[in-house]
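A quick write-up on the structure given underneath.
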Amino acid sequence: MKTVSENACFGGVQGVYSHASDACGCDMTFGLFLPEEAKDGPVPVLWYLSGLTCTHENAMVKAGAQGWAAREGIALVFPDTSPRGEGVADDEAYDLGKGAGFYVNATQAPWAPHYRMWDYLAEELPRLLGREFAVDLERQAITGHSMGGHGALTLAMALPGRFRSVSAFAPICNPSKSDWGRKQLTAYLGAEESKWAAHDASNQMRAVGFDGPVLVDTGTKDQFIDLLKPEALALAVAERRQRAELRFQPGYDHSYFFVSSFMEDHVSFHAEALEA
C-alpha cells in the first residue's frame, strides 16, 4: 500500500492511499478519514459509496462529511467506483465502464477480468483497512449516493450482520426496471435477469430486508428521479414492513449540494447505530 497524501482535517487525518488489488486486477485508490480518536485505538467505520462518473475524491471533497464524522469519532471510507488503468475495459458512455462499476462482479466480456467491485468492497478492502489502520470492523455502517446508494443498499442486505445501519442519498432503487440499471446489469452480468436479483434494492428489500435502521433521502426536484424509482423501494419497504425512514426533500436536486445539506443527518443516524 502506498500513501498518496495525508492532510490534517478536523483534528484527524484525511488520507488517500493506493494498493494493488487482487479482486480488480489493477491498482485501486481510496480515501480514508480517521478522527483524532483513532490515535488511541480502533474507531467505528462509515463507508461512503459514490455515484456514476465519480472517483474516491468527489465525496471526500464535496460531501462535507469529515466534520460531522470527527464530532462522532467515526472513520469514513471513500472507495473508488470502478477499476482503472491500462488494460481495464471502458466505454464511451459515461454510465458504463470506468466510473460506473455498479458495485457488481462482472461475468461478461470485456468486463469480467477487472470489474469485481462487489468482492473488492465486501472482502478485499475491509481486510486491508483492518490490517493497516485503527478501525473497528465490528462496528460498520454504509451509505452512498445514486449508483452508490444502490451499492450501499444491496451490500447491506446481502451481508447480514456486517453493517449496523444503512442509508442512501437519491439511490437507484429499482435498476432492473430502469434505464440506469438494465443497461449496466446486462453488460456486466448478461441478459438473464434472474442473475440481477441480488443487485436490485427493491427486489432485495422484498426478499430479505435489512436487520437494522434504514434512512433514504431523495430530492423532489431530482432531475433523475424517474430513473431512481424511489416509489419502488417505498412499496417494497411497506410490503415487508421494514423499519425505514424514506424522506422526500422539497426543492433538492441530485447534486452534492443536496448530499452535503443532509450529511449531518446521515452521520448522526449512523453514529447512533454504531454506539449501540
Side-chain angles (χ1 to χ4, degrees), residues 1-4 6 12-35 37-38 41-50 54-57 59-60 63 65-66 69 72-84 101-106 114-145 147-168 198-199 201 204 208 210-212 266-267 270-271 273-276:
M1 191 186 73
K2 299 178 181 178
T3 299
V4 178
E6 288 184 333
V13 177
Q14 175 61 64
V16 177
Y17 309 93
S18 67
H19 68 107
S21 167
D22 291 333
C24 296
C26 62
D27 286 347
M28 295 292 288
T29 301
F30 65 94
L32 174 67
F33 169 73
L34 287 173
E37 289 85 344
V43 295
V45 182
L46 175 58
W47 295 76
Y48 183 100
L49 307 187
S50 289
C54 292
T55 69
H56 68 281
E57 190 174 29
M60 190 179 79
Q66 290 92 337
E72 303 290 352
I74 294 173
L76 295 169
V77 187
F78 303 101
D80 203 346
T81 56
S82 76
R84 299 181 191 271
F102 242 74
Y103 305 106
V104 303
N105 285 340
H114 298 287
Y115 283 74
R116 303 190 63 79
M117 291 299 294
W118 184 277
D119 282 354
Y120 179 67
L121 292 174
E123 299 177 11
E124 185 176 25
L125 188 53
R127 286 198 303 267
L128 175 66
L129 294 175
R131 186 172 68 244
E132 300 288 342
F133 300 99
V135 294
D136 181 359
L137 297 182
E138 295 299 314
R139 292 187 292 163
Q140 297 186 68
I142 191 166
T143 188
H145 174 226
M147 179 185 73
H150 139 81
L153 290 166
T154 54
L155 279 160
M157 286 186 276
L159 300 171
R162 172 73 62 89
F163 302 105
R164 295 192 181 183
S165 51
V166 59
S167 74
H199 301 289
Q204 283 296 88
V208 298
F210 179 69
D211 186 19
H266 284 244
V267 173
H270 291 296
L274 290 167
E275 289 174 1

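Just so you know, these numbers use all the heavy atoms, side chains as well, and skip hydrogens, waters and symmetry mates. These figures come from a predicted structure and were not determined experimentally.
Atom CE of Met28 sits about 11.5 Å away from atom NE2 of His114, to the nearest 0.5 Å. If you take OG on Ser21 and CE on Met117, they are separated by 8.5 Å, rounding to the nearest 0.5 Å. Within the model, atoms CZ of Arg162 and CD of Glu138 stand 10.0 Å from one another, a figure rounded to the nearest 0.5 Å. Considering CG of Leu76 and CE of Met60, their distance stands at 11.0 Å, rounded to 0.5 Å. Within the model, atoms CG of Asp22 and CZ of Arg116 stand 11.5 Å from one another, a figure rounded to the nearest 0.5 Å. In this structure, Phe102 CZ and Tyr115 OH are separated by 13.0 Å, a value rounded to the nearest 0.5 Å.
Under a cut-off of 6.0 angstrom, the local environment of CD in Glu57 is sparse, with at most 12 non-hydrogen atoms contributed by other residues, nucleotides or ligands. Within a 6.0 Å radius of CG in Asp27, more than 12 heavy atoms belonging to other residues, nucleotides or ligands are found. Counting non-hydrogen atoms of neighbouring residues, nucleotides and ligands closer than 6.0 angstrom, the CD atom of Glu6 exceeds 12 such neighbours.
The two residues Leu155 and Ala122 come nearest to each other via the heavy atoms CD2-CB, 4.3 Å. Contact between His56 and Phe78 at its shortest, heavy atoms only, is CB-O, 3.2 Å. Smallest separation of non-hydrogen atoms from Thr29 and Ser18: OG1-CB, 3.8 Å. A pairwise comparison of heavy atoms in Leu274 and Pro44 identifies CD1-CB, 4.0 Å as the closest pair. The minimum heavy-atom distance linking Tyr103 with Trp118 is given by the pair O-CE3, 3.2 Å. Of all the heavy atoms in Pro42 and Asp136, the pair that sits closest is CB-N, 3.8 Å.
Here the two rings, on Phe30 and Tyr120, have centers that are 6.0 Å apart or farther.
Residues Met147 and Ser50 fail the side-chain proximity criterion, which asks for heavy atoms closer than 4.5 Å. Contact annotation: the side chain of His19 approaches that of Leu125 to within less than 4.5 Å [non-hydrogen atoms, C-beta and beyond]. A 4.5 Å side-chain heavy-atom check between Pro35 and Ile74 finds every atom pair outside the cut-off.
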Next on the checklist: Go through it in stages, so that I can follow the logic: the residues are Leu129 and Trp47, the test is side chain to side chain contact (heavy atoms under 4.5 Å, CB included), and I'd like the CA-CA distance, side-chain angles, deciding distance and then a yes or no.
Outcome noted: CA-CA 12 Å; Leu129 294 175; Trp47 295 76; 3.6 Å; yes
Checklist entry - Ser165 and His270: side-chain hydrogen bond (donor to acceptor under 3.5 Å, both in side chains), yes or no, with the steps? => result CA-CA 6 Å; Ser165 51; His270 291 296; 2.6 Å; yes
Checklist entry - Yes or no on ring-ring contact (aromatic ring centres under 6.0 Å, His included) for Phe33 and Tyr48, after CA distance, side-chain angles and deciding distance? => result CA-CA 11 Å; Phe33 169 73; Tyr48 183 100; over 10 Å; no
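The backbone N or O of Ala23 lies less than 3.5 Å from a partner atom in the side chain of Glu124, making a donor-acceptor pair. A distance-only check finds a donor-acceptor pair linking the side chain of Thr143 to the backbone of Ser167 [under 3.5 Å]. In this structure, the side chain of His199 does not engage the main chain of Thr154 through any donor-acceptor pair within 3.5 Å. The main-chain N or O of Asp119 is found under 3.5 Å from a side-chain atom of Asn105 such that the two form a donor-acceptor pair.
Partner Pro79 forms a side chain to side chain contact (heavy atoms under 4.5 Å, CB included) with one of Leu121, Thr55, Leu32 and no other, that one being Leu121.
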